[in-house]
Amino acid sequence: MRIVFFASDKFSLPSLEAVRAAGHELLCVVTQPDKKSGRGLNVSGTEIKSAALTSGLKLYQPLKVNSKESADYLKSLNADIFVVIAYGQILSREVLNLPKLFCLNIHASVLPKYRGAAPINWAIINGGTETGVTAIKMNEKMDQGEIICYKQEMILAEDNSQTLGIKLSKSAACLLTETLDKINRGGYILTAQDEAAVSFAPKLKKEDGLIDWNASAKSIHDLVRGCYEWPGAYAFLNGKLLKIFKTSVFLPLEKKDGSNTPGTVIKVLKDYFIVSTGSGDLVIEELQIEGKRRMFTSEFLSGHKMSVGECLLGKK
RNA sequence: CGCGGGGUGGAGCAGCUUGGUAGCUCGUCAGGCUCAUAACCUGAAGGCCAGAGGUUCAAAUCCUCUCCCCGCAA
């Protein structure tokens with residue numbers, strides 16, 4: 001099929017590769033414009049851009065994909081179908097109607113759950129044990145299109161957003177090629193989403209990573225996993241930002257009186273330290289203090305004196 | 001020119017203000033103690049103090065420039 005591929009995140013890379021490998025005709029890759037990012041004012045393009053350039057694919061980076069100029073160009077490509085995966089701009093009805101067939105979107109959750117920009121993160125933050133990827137025929141409302149098919153994926157206890165994202169991106173690639181096959185053969189059924197089961201996964205904000213020590217150790221642990229690696233779960237230690245990348249829930253052998261204020265360091269060992277929470281204790285295994293690189297707690301403790309009774313705070 | 005922190009044996013840090021012997025907690029290696037050990041004791045190896053200039057009798061330390069890492073912000 002003649003495909004125009006819309007993507008801006010590395011999540012879409014396996015899908016892009018799969019479409020190529022399946023022998024479809026990639027007319028053009030559409031991605032977000034280069035943006036200033038990082039320290040200073042370095043301009044950089046998306047990873048999709050570099051991949052497309054490496055593969056010699058045609059690249060298009062409209063500032064506004066719905067503009068007349070952009071729509072005219074996309075129309076001129078005369079595509080069978082638009083494939084949209086983590087593109088980052090909402091397509092107008094006009095653009096959605098450009099391809100001969102329709103616009104196909106792969107979303108990183110089992111819809112109608114977790115509509116929105118950060119489904120992988122929220123699935124973990126909420127302590128879920130399974131999620132998946134869904135192929136939908138897009139309509140003008142965000143993630144509300146009819147479902148063509150989906151695949152489920154387990155969320156393992158050791159998964160974080162990164163590892164789960166990698167797994168889902170691969171399953172998205174499989175789902176995409178399967179779906180394209182179905183569409184090619186005409187053997188697919190559209191199922192409307194159950195509006196009663198809808199939930200949302202809005203784009204993560206920096207503040208979403210702030211740890212509330214009054215929460216349970218389990219939910220803080222889920223926050224740490226779900227906010228990996230951006231924005232990162234964080235607290236403050238002696239006025240400095242402390243990002244926490246890896247934790248585990250500590251299961252004490254004996255019951256404690258629970259008199260420790262949540263956020264207090266209750267034990268410092270050689271390789272890690274333990275912080276009390278609203279319910280249960282949390283082992284801190286990997287972290288990053290402001291101005292320093294990310295490191296294992298064992299490394300951190302080699303050079304930073306930390307003592308029982310210190311407090312990790314929710315603000316400076 | 002967005003703001004700020006940093007670069008010191010293999011790891012993480014102190015020392016810099018007030019120039020004068022390279023320090024701490026680990027790790028590594030060797031030996032000892034021990035029924036035994038990730039524990040304890042003793043000893044050793046391992047540094048052009050990011051790089052280049054400058055000031056000085058003397059620079060990790062003060063001045064200038066370059067490179068690299070990180071947090072904020074986007």
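Here is the naming used below: chain letters follow the sequence lines, and residue numbers restart at 1 for every chain.
- The side-chain contact (heavy atoms from CB on, under 4.5 Å) test applied to Lys305(A) returns no partner, not counting sequence neighbours.
- In this entry rA58(B) has no Watson-Crick or G-U wobble partner, no candidate having both defining distances under 3.5 Å.
- Taking the C1' atom of each, rC67(B) and rA52(B) are spaced 10 Å apart, rounded to whole Å.
- For the P atom pair drawn from rA44(B) and rU8(B), the interatomic distance equals 25 Å after rounding to whole Å.
- By the 4.5 Å side-chain criterion applied to Ile, Leu, Val, Met, Phe, Trp and Tyr, Leu96(A) is assigned to a cluster that also includes Val4(A), Phe6(A), Leu27(A), Val30(A), Tyr60(A), Val65(A), Tyr73(A), Leu74(A), Leu77(A), Phe82(A), Val84(A), Tyr87(A), Leu91(A), Val95(A), Leu98(A), Met138(A).
- Look at the C1' atom in both rG23(B) and rC63(B): the space between them is 27 Å, to the nearest Å.
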Take Lys100(A) and Asp80(A) through the salt bridge (charged side-chain N to carboxylate O under 4.0 Å, His left out) test and state the conclusion after the steps. CA-CA 5 Å; Lys100(A) 287 202 186 75; Asp80(A) 292 325; 3.8 Å; yes
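- A 3.5 Å limit on both hydrogen-bonding distances identifies rG2(B) as the Watson-Crick or G-U partner of rC72(B).
- The separation between Phe236(A) atom CZ and rG71(B) atom C1' is 11 Å, rounded to whole Å.
- The partner of rU42(B) is rA30(B), by the rule that a Watson-Crick or G-U pair needs both atom distances under 3.5 Å.
- Taking for each of Lys206(A) and Phe300(A) the nucleotide of RNA chain B with the nearest heavy atom, the 5'-most of the two is the partner of Phe300(A).
- Across the strands present, rC67(B) finds its partner in rG7(B); the criterion is a Watson-Crick or G-U wobble pair with both atom distances under 3.5 angstrom.
- For the P atoms, the distance linking rC49(B) with rG20(B) amounts to 15 Å, nearest Å.
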Give me, pair by pair, the N or O atoms of the protein and of nucleotides 23-25 of chain B that are less than 3.5 Å apart, along with how far apart they are.
residue	atom	partner	partner atom	Å
rU25(B)	O2	Ser302(A)	O	3.2

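- A side-chain N or O of His221(A) and one of Thr247(A) form a donor-acceptor pair less than 3.5 Å apart.
- What separates CG of Leu241(A) from C1' of rA73(B) is a distance of 13 Å, to the nearest Å.
- Pairs passing the side chain to side chain donor-acceptor pair (under 3.5 Å) check and including a residue from residues 184-195 of chain A, sequence neighbours excluded, read Arg115(A)-Gln193(A), Arg115(A)-Glu195(A).
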Under 3.5 Å, which protein N or O atoms sit close to an N or O of nucleotides 6-9 of chain B? Give each pair with its distance.
residue	atom	partner	partner atom	Å
rG6(B)	O2'	Lys292(A)	NZ	3.4

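- Between the CD1 atom of Ile284(A) and the P atom of rG12(B) there is a distance of 20 Å, rounded to whole Å.
- Following rounding to the nearest Å, Lys240(A) (NZ) and rC70(B) (C1') show an atom-to-atom distance of 11 Å.
- Of the charged side-chain nitrogens involved, at least one lies within less than 4.0 Å of a carboxylate oxygen, so that Glu285(A) and Lys246(A) count as a salt-bridged pair.
- When the P atom is compared between rG19(B) and rU56(B), the two are found 16 Å apart, to the nearest whole Å.
- If you take atom P in rU61(B) and the same atom in rU17(B), they sit 10 Å apart, rounded to whole Å.
- Considering only side-chain N and O atoms, Gln288(A) lies under 4.0 angstrom from the phosphate OP1 or OP2 of rG71(B).
- A close approach under 4.0 Å does occur between a side-chain nitrogen or oxygen of Arg293(A) and OP1 or OP2 of rG12(B).
- Across the protein-nucleic acid pair, Glu290(A) atom CD and rC70(B) atom P stand 15 Å apart, rounded to whole Å.
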In residues 264-274 of chain A, what donor-acceptor pairs under 3.5 Å come from side-chain atoms, sequence neighbours left out?
residue	atom	partner	partner atom	Å
Thr264(A)	OG1	Thr261(A)	O	2.6

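- Both distances falling under 3.5 Å, in either a Watson-Crick or a G-U wobble arrangement, occur for no nucleotide opposite rA36(B).
- Rounded to whole Å, the separation between the P atoms of rC13(B) and rG7(B) comes to 9 Å.
- Between rA11(B) and Lys270(A), no contact under 4.0 Å exists linking OP1 or OP2 to a side-chain N or O.
- Summarising the geometry, the separation between CH2 on Trp230(A) and P on rC70(B) is reported as 17 Å, rounded to the nearest angstrom.
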Only pairs under 3.5 Å count here: list side-chain donor-acceptor contacts from residues 230-238 of chain A, not counting sequence neighbours, and write none if there are none.
residue	atom	partner	partner atom	Å
Tyr234(A)	OH	Lys206(A)	O	3.3

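- Counting to the nearest Å, the P atom of rA39(B) and the CG atom of Leu269(A) are 13 Å from each other.
- Taking atom C1' on both rG12(B) and rG6(B), the two are 13 Å apart, rounded to the nearest angstrom.
- Looking at residues two or more places apart in sequence or on another chain, you find a side-chain contact (heavy atoms from CB on, under 4.5 Å) between Lys205(A) and Glu207(A), Asp208(A).
- With rounding to the nearest 0.5 angstrom, the CG atom of Leu287(A) is 13.0 Å from the NZ atom of Lys292(A).
- Every residue two or more places apart in sequence or in another chain that forms a side-chain contact (heavy atoms from CB on, under 4.5 Å) with Asp212(A) is listed here: Asn214(A).
- Going from atom CG of Leu210(A) over to atom C1' of rC72(B) covers 15 Å, rounded to whole Å.
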